[in-house]
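See structure below.
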There are 2 protein chains.
Amino acid sequence: MPRTAPKLIPASQECKDCPIRHRAVCAKCEPDELDALEQIKFYRSFEAGQTVVWAGDSMEFVASVVTGIGTLSQTMEDGRRQMVGLLLPSDFVGRPGRDTSAYDVTAATDVVMCCFRRKPFQDMMLRTPHIGQRLLEMTLDELDAAREWMLLLGRKTAREKIASLLCIIARRDASLKLSRSGGSMSFDLPLTREAMSEYLGLTLETVSRQMSALRKEGLIVTEGKRHIVIPDFDLLLEETGDDSDGGFLV
Amino acid sequence: MPRTAPKLIPASQECKDCPIRHRAVCAKCEPDELDALEQIKFYRSFEAGQTVVWAGDSMEFVASVVTGIGTLSQTMEDGRRQMVGLLLPSDFVGRPGRDTSAYDVTAATDVVMCCFRRKPFQDMMLRTPHIGQRLLEMTLDELDAAREWMLLLGRKTAREKIASLLCIIARRDASLKLSRSGGSMSFDLPLTREAMSEYLGLTLETVSRQMSALRKEGLIVTEGKRHIVIPDFDLLLEETGDDSDGGFLV
DNA sequence: TTGTTGCCTTGATTTAGATCAACATCCATG
DNA sequence: CATGGATGTTGATCTAAATCAAGGCAACAA
């Protein structure tokens, strides 16, 4: 599938003077622009499970995830919940021009965010077109990801959903590029079974059962509840129902 | 839900000299920018059911829908299909910077598109920041719509899905603003039962059954297969499972 | 007029995943 | 080191939607 993977700015283009390299917003920043960003920037950290903002609450900043993993979710009146966004390091949170959050934003693991006060950030976007251009790129990538996710929600079986989620996390979690060797890779699942079920549009029981099934068949190996080893990534990929080429693997 | 409705540019800001008012891309255009757009613009029309491009095919233009309704769909190897985008007049098609279509683009009704050659359009975006800004706005709106759609696919019942789709079309189809009177409105369904099922992640039999159920209960009235009358919009809205305020109703 | 074709509807049956329920494991804490 | 709460697993049963199957109806062509 032709989904474009979120582009990471090559290290050579990062803002070296920037204490944290918030690649999301200042990939091409000039010194004066960087100064301006510094002026309106602050950090916030959240513990695993903590809510960053509730849907409908006012949000006086936009932010970029520095470390950890967050989620965006929608809740129906009767409590049914669907995750609609997964936030990984360098992902952008918040919509310039909107002053309340459209979604519940939650820290799945401990999270550090680099925040920018919203109003001055918006002003800066007007003066600095490449920030908007970068944001457009990122938003288009997110839209592609959302559409891939819609296929998963609408048409995949529970087994395919689980395999897809594991492959998505394995692919996107930069931390485990290191622990990859041969066809095998391993990582810590950043999501509880409940969070996985909210991601996939399933119940947590079904998630648990399918995880057990994949384990029994040797497609995954678990160490404790959360640590996952994928002995053969291509084998797991075949269970996702996606085109064999993997499409958006980069 | 705080989804922002796609913003239509007020008539006062439209390009009066532009034969079709492709509001999507030239809301604030200066005369010289308008000229540049005219240079790279052409029209194409498609019959209902015709495919505009297949996923993976090269697409040498980006476009704005002038009239009619189109769809974006993804297909799995075994033929399972999921619609991932609905294109209504003024919606934008194609991704600047990408030369092949990520999705099957299909005309649901007869469609006219205002196309711009991709390369020059991209060049123009670099020179003309407000086009990019407008595109960012539109992409963020689409992302919100996609996330609403994810909630529908992941968590709603068949009945709620059908009610939601009818409300979405009723709300977005500008043509029927006119046929609204009191709480009732009516319109021609632009989708076949099969297309509805691809939108909703259901089978066409389930779509048909739920339509019949809503008809029997008087929530909708049908004239022929395709013409729908909604006697009381609020009553139908209650069947969608969404928050009572409707959220993104404008 | 009589096929033929494309949509749509309805009925009978099956099934994947939900729901209800019990129990296991792992910590953190008094 | 017992206690309690959060998290995860597994089993039994139920059900919403899928699947399989048969027709209906309008448009159109021979």
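Order of the sequence lines fixes the chain letters, A, B, ..., with proteins taken first and strands second; residue numbering starts at 1 for each chain. The structure displayed is predicted, hence computed values, not measured ones.
Computed from coordinates, the A:His227 NE2 to D:dG8 P distance equals 16 Å when rounded to whole Å. Nucleotide D:dG8 holds its P atom 10 Å from the CE atom of A:Met211, rounded to whole Å. The separation between A:Glu205 atom CD and C:dG17 atom P is 14 Å, rounded to whole Å. Between the CG atom of A:Leu200 and the P atom of C:dA18 there is a distance of 10 Å, rounded to whole Å. A straight line from NZ of B:Lys156 to P of C:dA18 spans 18 Å, rounded to a whole angstrom. Atom pair A:Glu223:CD and C:dT25:C1' shows a separation of 17 Å (rounding to whole Å applied). Here D:dG8 presents its C1' atom at 12 Å from CZ of A:Arg209, a figure rounded to the nearest Å. In this structure, CD of A:Glu160 is placed 12 Å from C1' of C:dA16, rounded to the nearest angstrom.
Remark: B:Thr203 is in phosphate contact with D:dA18, judged by side-chain N or O atoms under 4.0 Å from OP1 or OP2. Side-chain N/O atoms of A:Ser212 include one lying less than 4.0 angstrom from OP1 or OP2 on D:dT10.
When the salt bridge (Lys or Arg N to Asp or Glu O under 4.0 Å) test is applied to A:Arg209, no partner is found at least two apart in sequence or on another chain.
Under a 4.0 Å N-O distance rule, the pair A:Arg98/B:Asp144 qualifies as a salt bridge. The pair A:Glu198-A:Arg193 does not meet the salt-bridge criterion, since no charged nitrogen lies less than 4.0 angstrom from a carboxylate oxygen. A salt bridge between B:Arg80 and A:Glu160 is present, with a side-chain N of the basic residue lying under 4.0 Å from a carboxylate O of the acidic one.
Nucleic acid contact for A:Arg215: sugar-phosphate only, since backbone atoms but no base atoms lie under 4.0 Å from a heavy atom of the residue. Among the heavy atoms of the strands lying under 4.0 Å from A:Ser208 is at least one base atom, whether or not backbone atoms are also near.
Counting atom types as modelled, A:Arg226 pairs no side-chain N or O with a base atom of C:dT25 as donor and acceptor under 3.5 Å.
Between B:Leu204 and A:Thr206, the one whose closest nucleotide on DNA chain C sits nearer the 5' end is B:Leu204.
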